[in-house]
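In what follows, a single structure is set out as structure tokens and then discussed.
Residue numbering restarts at 1 for every chain, and letters A, B, ... go by the order of the sequence lines.
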There are 2 protein chains.
Amino acid sequence: MAKQLTFKNLPHKTIERLSQYRRALLLCLSNGKTHIFSHEIAKIQHITSVQVRRDLMLIGYSGTLRKGYNIQELIDLIGNIIDSEEGINVAIIGMGNLGRALINYFTGKRHKLEIVAGFDTNPDKIGNTFSGVECHSITELNKIIKQKDIKVGIITVPADQTTETAKTLVKAGIKGILNYTPKPIDVPDDVYLEEYDMITTLEKVAFYVKMSDE
Amino acid sequence: MAKQLTFKNLPHKTIERLSQYRRALLLCLSNGKTHIFSHEIAKIQHITSVQVRRDLMLIGYSGTLRKGYNIQELIDLIGNIIDSEEGINVAIIGMGNLGRALINYFTGKRHKLEIVAGFDTNPDKIGNTFSGVECHSITELNKIIKQKDIKVGIITVPADQTTETAKTLVKAGIKGILNYTPKPIDVPDDVYLEEYDMITTLEKVAFYVKMSDE
DNA sequence: TTATCGCTGTTAAATTTATAACAGTGCAAA
DNA sequence: TTTGCACTGTTATAAATTTAACAGCGATAA
Ligand SMILES: NC(=O)c1ccc[n+]([C@@H]2O[C@H](COP(=O)([O-])OP(=O)(O)OC[C@H]3O[C@@H](n4cnc5c(N)ncnc54)[C@H](O)[C@@H]3O)[C@@H](O)[C@H]2O)c1
Ligand SMILES: NC(=O)c1ccc[n+]([C@@H]2O[C@H](COP(=O)([O-])OP(=O)(O)OC[C@H]3O[C@@H](n4cnc5c(N)ncnc54)[C@H](O)[C@@H]3O)[C@@H](O)[C@H]2O)c1
């Protein structure tokens with residue numbers, strides 16, 4: 001009997017890397033490449049080729065011995081694993097500098113993941129469209145989340161509005177939150193949460209720069 | 001003889017958490033709190049109190065038994081460890097949507113870490129000041145990096161300009177790079193590199209949302 | 001034809017990171 | 001004054017993640 005590949009217990013780090021592999025592979029494909037070796041992927045991602053082969057083993061993909069991995073096949077397989085078949089709709093709350101930068105960057109990049117609505121409190125923004133994403137009043141959030149079957153929310157409101165925004169999202173039945181404000185939030189266990197603060201990353205870089213000096 | 005605390009081999013994850021602890025502590029301080037327990041810090045950061053105590057043990061900080069940790073003292077100690085005494089200057093290359101959002105967010109947030117220059121190729125931007133940061137021509141990068149003793153660069157140029165920008169920075173003697181473009185870069189071993197792509201994070205959130213559905 | 005080379009796929013080992021377990025402490029209430 | 005309690009600090013254990021080791025394979029070329 002073949003090994004059961006459920007993908008339910010892939011390591012978290014592997015999930016992240018699969019997304020990164022795909023990004024790199026899409027670029028290679030657009031450059032006309034059709035096959036790639038594990039050590040080439042590794043170099044791009046600053047990791048080892050063993051790591052790459054191990055990850056691909058976990059998802060059950062086999063390359064050919066002489067030519068390496070078929071880029072298109074691998075892209076498709078990664079898609080089968082990390083994408084949701086029917087697609088996942090995303091909303092962004094807070095159409096300020098960061099929110100608009102993210103929308104502008106993300107829109108059209110992925111088939112199965114789409115930012116389908118923006119929300120704000122500022123009347124000057126409500127009703128406008130930014131990079132193809134319409135900005136709605138926050139008062140309509142609950143309605144539109146349900147209407148458009150939005151599962152994931154990205155929070156880019158001012159820090160002091162974060163807690164309230166998170167509550168609103170949870171109440172509307174959101175299943176995942178990506179919080180870009182510097183204010184950590186609390187969510188129920190059934191909501192998946194990621195938080196990111198650029199200052200932490202920048203301080204980490206600064207720390208290791210300082211260390212290399214000493 | 002007291003244990004030698006060099007901080008050179010603190011776990012990477014501990015470094016990240018120290019930055020996050022400080023962010024949380026600064027907020028608590030501004031709310032008038034003077035002391036805090038490990039489980040309170042833990043709750044904010046979505047980790048366990050053991051983790052917090054272990055991290056603080058590694059940096060040699062002791063709280064008082066009944067009142068917990070002195071917030072101001074802990075902030076100062078974390079600063080002594082992760083900040084560079086003389087401060088570190090940062091430049092941002094690419095004053096577009098994302099670059100300006102980051103500048104606007106970061107400016108004034110930390111004493112020992114300052115964005116002191118921006119660079120762009122667009123004549124409309126060069127000479128202007130954004131959130132207090134002056135935008136220079138990219139042709140002046142080398143000169144200004146040296147003049148202002150800039151050690152860290154943040155890359156927010158269009159993806160296809162990334163490789164070239166990274167090369168320019170390395171040649172100018174930069175010691176750390178934070179790359180926000182989706183194009184991974186290569187740097188020499190003595191340059192510390194962090195890369196971040198929002199799509200990876202968003203795809204991770206989407207993946208676990210999808211998984212919880214099945 | 002046979003040896004060599006540079007890949008892949010997989011199991012084993014090492015390292016890193018997180019969690020558990022528990023002794024020690026000082027206040028508070030009995 | 002003694003017992004319980006709610007913390008801290010530290011060592012021991014476990015889990016997650018990475019790296020190493022190596023067998024197998026197929027093209028290439030001697
Ligand atoms: N994680 C990072 O790396 C990073 C980087 C930059 C900014 N930030 C954070 O992101 C957030 C947004 O930053 P910005 O520069 O875009 O700020 P901004 O002021 O430009 O944008 C905030 C937007 O949110 C809207 N808003 C305010 N209250 C709201 C509410 N209750 N509901 C919905 N919308 C509301 C405002 O009208 C505005 O359009 C801030 O919290 C900032 O600290 C994070
Ligand atoms: N990591 C993330 O989460 C994330 C989010 C959004 C955008 N991005 C990426 O960040 C980058 C910037 O995005 P944006 O929305 O700000 O784009 P943008 O077009 O608004 O800004 C790019 C800026 O770079 C300048 N520029 C172009 N070539 C340059 C060069 N050679 N040297 C210096 N400056 C140059 C342009 O004049 C412009 O001002 C893009 O690569 C985008 O893909 C990343």
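With DNA chain C read from its 5' end, the first of the two nearest nucleotides for Leu65(A) and Thr48(B) is the one closest to Leu65(A). Comparing Gly63(A) and Arg66(A) against DNA chain C, the residue whose closest nucleotide sits nearer the 5' end is Arg66(A). Take the nearest nucleotide of DNA chain D for Val50(A) and for Tyr69(B): the residue whose nucleotide is more 5' is Tyr69(B).
Put simply, CD on Glu16(A) is 16 Å from P on dA16(D), counting in whole angstrom units. Rounded to whole Å, the distance from CD on Glu40(B) to C1' on dA6(D) is 13 Å. Between His39(B) atom NE2 and dA6(D) atom P there is a gap of 11 Å when expressed in whole angstrom units. Straight-line distance from the CG atom of Leu58(A) to the P atom of dA16(D): 14 Å, rounded to whole Å. Between Met57(B) atom CE and dC7(D) atom C1' the separation is 17 Å, expressed in whole Å. The CG atom of Asp55(A) sits 11 Å away from the P atom of dT19(D) (whole-angstrom rounding). Distance CZ (Phe37(B)) to C1' (dG9(D)): 15 Å, rounded to an integer number of Å. Look at NZ on Lys67(A): it is 16 Å from C1' on dT28(D), rounded to the nearest Å.
No hydrogens or angles were tested; on distance alone, nothing pairs the side chain of Arg54(A) with the base of dT10(C) as donor and acceptor under 3.5 Å.
Residue Arg17(B) places at least one side-chain N or O under 4.0 Å from the OP1 or OP2 atom of dA18(C). Applying the 4.0 Å criterion to OP1 and OP2 of dT19(C), one finds that Gln51(B) has a side-chain N or O inside that range. Between Arg53(B) and dT8(D), a side-chain N or O to OP1/OP2 separation shorter than 4.0 Å is present.
Looking only at distances, a side-chain donor or acceptor of Lys148(B) sits under 3.5 Å from a matching main-chain atom of Val116(B). Between the Asp120(A) side chain and the Met95(A) main chain, a donor and an acceptor come within less than 3.5 Å of each other. Panel note: side chain Ser49(A), backbone Ser38(A); no donor-acceptor pair is recorded below 3.5 Å. Although no hydrogens or angles enter the test, the distance criterion places no donor-acceptor pair under 3.5 Å between the side chain of Thr107(B) and the main chain of Asn104(B).
When heavy atoms are screened at a 4.0 angstrom cut-off, Ser62(B) is found touching the sugar-phosphate backbone but no base atom. Within 4.0 Å (heavy atoms only), Ser38(B) reaches sugar-phosphate atoms of the nucleic acid but no base atom.
Using a 30° and 60° split on the angle between ring planes, Tyr196(A) and Tyr180(A) fall in the perpendicular class, above 60°.
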